[in-house]
Number of protein chains: 2
Amino acid sequence: MRDTQNKKDEIISMAMEVFAKRGYEGTTLDEIAGYCNITKPAIYYHFKNKLALYEYVLCTQFEEMAKRILEHTDSGSAEERLRAYIVTFGQYLIDNPTFSAIFSREISIGGATLPQGCIDELSKTLKRLSKILEDGVKEGIFQDENPFLVQMMIVTPLSAYHTTKPLRQKVADIVDNKYLTVEFADVVDSLAEKIISAIKI
Amino acid sequence: MRDTQNKKDEIISMAMEVFAKRGYEGTTLDEIAGYCNITKPAIYYHFKNKLALYEYVLCTQFEEMAKRILEHTDSGSAEERLRAYIVTFGQYLIDNPTFSAIFSREISIGGATLPQGCIDELSKTLKRLSKILEDGVKEGIFQDENPFLVQMMIVTPLSAYHTTKPLRQKVADIVDNKYLTVEFADVVDSLAEKIISAIKI
DNA sequence: GATATAATTTACCCAATAGTAAAATAGGAG
DNA sequence: CTCCTATTTTACTATTGGGTAAATTATATC
């Protein structure tokens with residue numbers, strides 16, 4: 001048999017890019033197939049249908065993201081773990097540049113079509129964040145905060161900042177030039193400090 | 001002539017709902033027409049095509065939002081104006097419940113397809129925010145901050161929080177129940193205090 | 001009431017696209 | 001070399017959905 005795993009991986013990788021750029025509805029399997037130098041029915045050999053491919057891509061990403069966050073936030077003070085939570089998420093976006101568009105779009109429809117697997121992974125990260133915030137309160141360093149809001153304050157500005165580079169160029173004249181050239185990694189660090197200082201007692 | 005403006009307004013209103021729920025690509029003109037109890041070609045009498053309808057809806061909303069923000073942030077101390085900026089945006093989402101989904105989705109694709117009119121309106125709000133932050137620095141109460149990031153810290157958590165109510169229900173068991181029932185207006189106030197405390201000296 | 005015009009419908013066309021059936025091809029095992 | 005199975009292609013179907021032309025209906029004005 002031929003090396004099908006490579007081709008399957010290529011399909012997944014290209015699918016991510018196209019889904020990120022065009023959204024689920026705007027994506028055509030022909031476009032994905034084209035990037036992989038295969039034809040559409042070859043995709044159907046590897047995946048049941050378009051939705052299954054999308055959900056596979058989505059779940060893989062959510063799993064990987066949750067795994068990384070949990071790994072990096074399991075020890076240290078509450079403040080250290082909160083910082084790690086934010087920075088790890090930011091680093092995940094850097095390492096997976098197509099994820100932020102897909103993630104933002106799913107959030108924008110309230111996760112209505114998010115497969116259960118993704119919701120479970122999201123739950124894991126939220127649970128971890130809740131624990132960190134709770135521990136911070138016990139340590140006497142954090143105020144009591146709504147974890148939903150803190151979660152939103154972390155993931156949405158970062159993924160949006162990541163996707164809106166072209167938009168910032170278009171409104172460049174409005175703002176001092178020094179802010180246009182900021183590295184995303186610095187934005188992540190800056191956000192982490194702001195959030196921590198916002199919830200510290 | 002019949003009262004076409006009412007019907008046109010109805011089309012716009014229904015179009016907003018459907019675009020919010022399904023995204024641009026996922027929206028069909030037949031669905032919009034159905035909600036208005038008319039047929040598809042009647043939409044074409046009022047609008048050139050699907051894109052023109054979408055852009056009309058989008059621009060109308062962006063204009064109204066920018067207008068409100070500018071009106072409410074033109075006097076007071078930098079801190080007062082920053083708080084007003086955040087609260088006015090939050091109130092706009094409350095008053096226009098379909099806007100947050102549309103807005104988030106546009107942000108998620110980096111504003112790539114955003115018509116120039118919307119970019120101009122967005123620029124106005126960003127310019128205002130930059131001015132507020134600058135004034136705060138002059139007043140000696142704010143640190144020097146990246147206005148792009150502050151803008152993201154305001155608009156993205158609020159619009160995402162607003163759209164993800166169904167998602168929060170799905171992960172309800174993870175988090176203390178008291179956080180599930182928080183009113184959105186309180187979330188807005190809470191975010192405003194956090195952002196202000198984060199950038200204060 | 002007749003006429004003009006505004007608004008809407010019926011009946012289409014056409015392109016795009018998800019999905020399928022069956023043939024073709026490639027490569028490994030015997 | 002031959003057979004078997006995995007993989008992919010060719011050729012197709014069916015449907016959806018944006019868009020249009022022309023007929024139709026309603027309404028205001030004279």
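Hydrogens, waters and symmetry mates play no part in the numbers below; they use all other heavy atoms, side chains included. In what follows, every chain begins at residue 1, and chains take the letters A, B, ... in the order their sequences are listed.
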Exercise for the section: State whether the distance check finds a donor on one side and an acceptor on the other, under 3.5 Å, for side chain A:Lys50 versus base C:dG19. Expected result: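 Donor-acceptor pair under 3.5 Å: no.
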Handout entry: Pair of N/O donor and acceptor under 3.5 Å linking C:dA7 base with B:Lys7 side chain
Key =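 Answer no: no donor N or O sits under 3.5 Å from an acceptor.
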Quick one: which of [options] gets closest to the side chain of [X]?
X	options	value
B:Lys40	D:dG18, D:dA21, C:dA18	D:dG18
B:Ala42	D:dT9, C:dT9, D:dG18	C:dT9
B:Asn49	C:dG19, D:dG19, C:dT9	D:dG19
B:Leu29	D:dT9, D:dA6, D:dG18	D:dG18

Problem - Quiz item: cation-pi between B:Lys165 and B:Phe184, 6.0 Å / 45° - result: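 That pair does not qualify as a cation-pi contact.
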Practice task
Check whether NZ of the Lys or CZ of the Arg A:Arg168 lies under 6.0 Å from the centre of the six-membered ring of A:Tyr179 and within 45 degrees of that ring's axis.
Solution key: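 Verdict for A:Tyr179: no cation-pi partner in A:Arg168.
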Separation of [X] atom [atom1] from [N] atom [atom2], in whole Å?
X	N	atom1	atom2	value
A:Ile11	D:dT8	CD1	C1'	10 Å
B:Asn37	C:dA7	CG	P	18 Å
B:Ile32	D:dG17	CD1	P	12 Å
A:Glu25	C:dA18	CD	C1'	12 Å
A:Asn6	D:dA6	CG	P	18 Å
A:Tyr44	D:dT9	OH	P	15 Å
B:Glu31	D:dG18	CD	P	10 Å
B:Ile43	C:dT8	CD1	C1'	12 Å

Exercise for the section: Give me the one residue out of A:Lys50, A:Lys40, A:Arg22 that meets salt bridge (Lys or Arg N to Asp or Glu O under 4.0 Å) with A:Glu31. Expected result: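 So the option named by the test is A:Arg22.
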Problem - Other residues, nucleotides, ligands: >12 heavy atoms within 6.0 Å of B:Lys170 NZ - result: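 Counting neighbours around NZ of B:Lys170, more than 12 heavy atoms of other residues, nucleotides or ligands fall under 6.0 Å, so yes.
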Practice task
Among B:Phe89, B:Phe19, B:Tyr92, find the one that has a ring-ring contact (aromatic ring centres under 6.0 Å, His included) with B:Phe99.
Solution key: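 The option that passes is B:Tyr92.
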Handout entry: Phosphate OP1/OP2 of D:dT8 contacted by A:Tyr45 side-chain N/O (<4.0 Å)
Key =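 So the side chain of A:Tyr45 is outside the cut-off, no N or O lying under 4.0 Å from OP1 or OP2 of D:dT8.
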Exercise for the section: Establish, with yes or no, whether the OP1 or OP2 oxygen of D:dT8 is under 4.0 angstrom from a side-chain nitrogen or oxygen of A:His46. Expected result: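 It does, given that an N or O in the side chain of A:His46 lies less than 4.0 Å from OP1 or OP2 of D:dT8.
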Exercise for the section: Describe the nucleic acid contact of A:Thr39 in one word from base, sugar-phosphate, nothing, applying a heavy-atom distance below 4.0 Å. Expected result: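 A:Thr39: base contact, heavy atoms under 4.0 Å.
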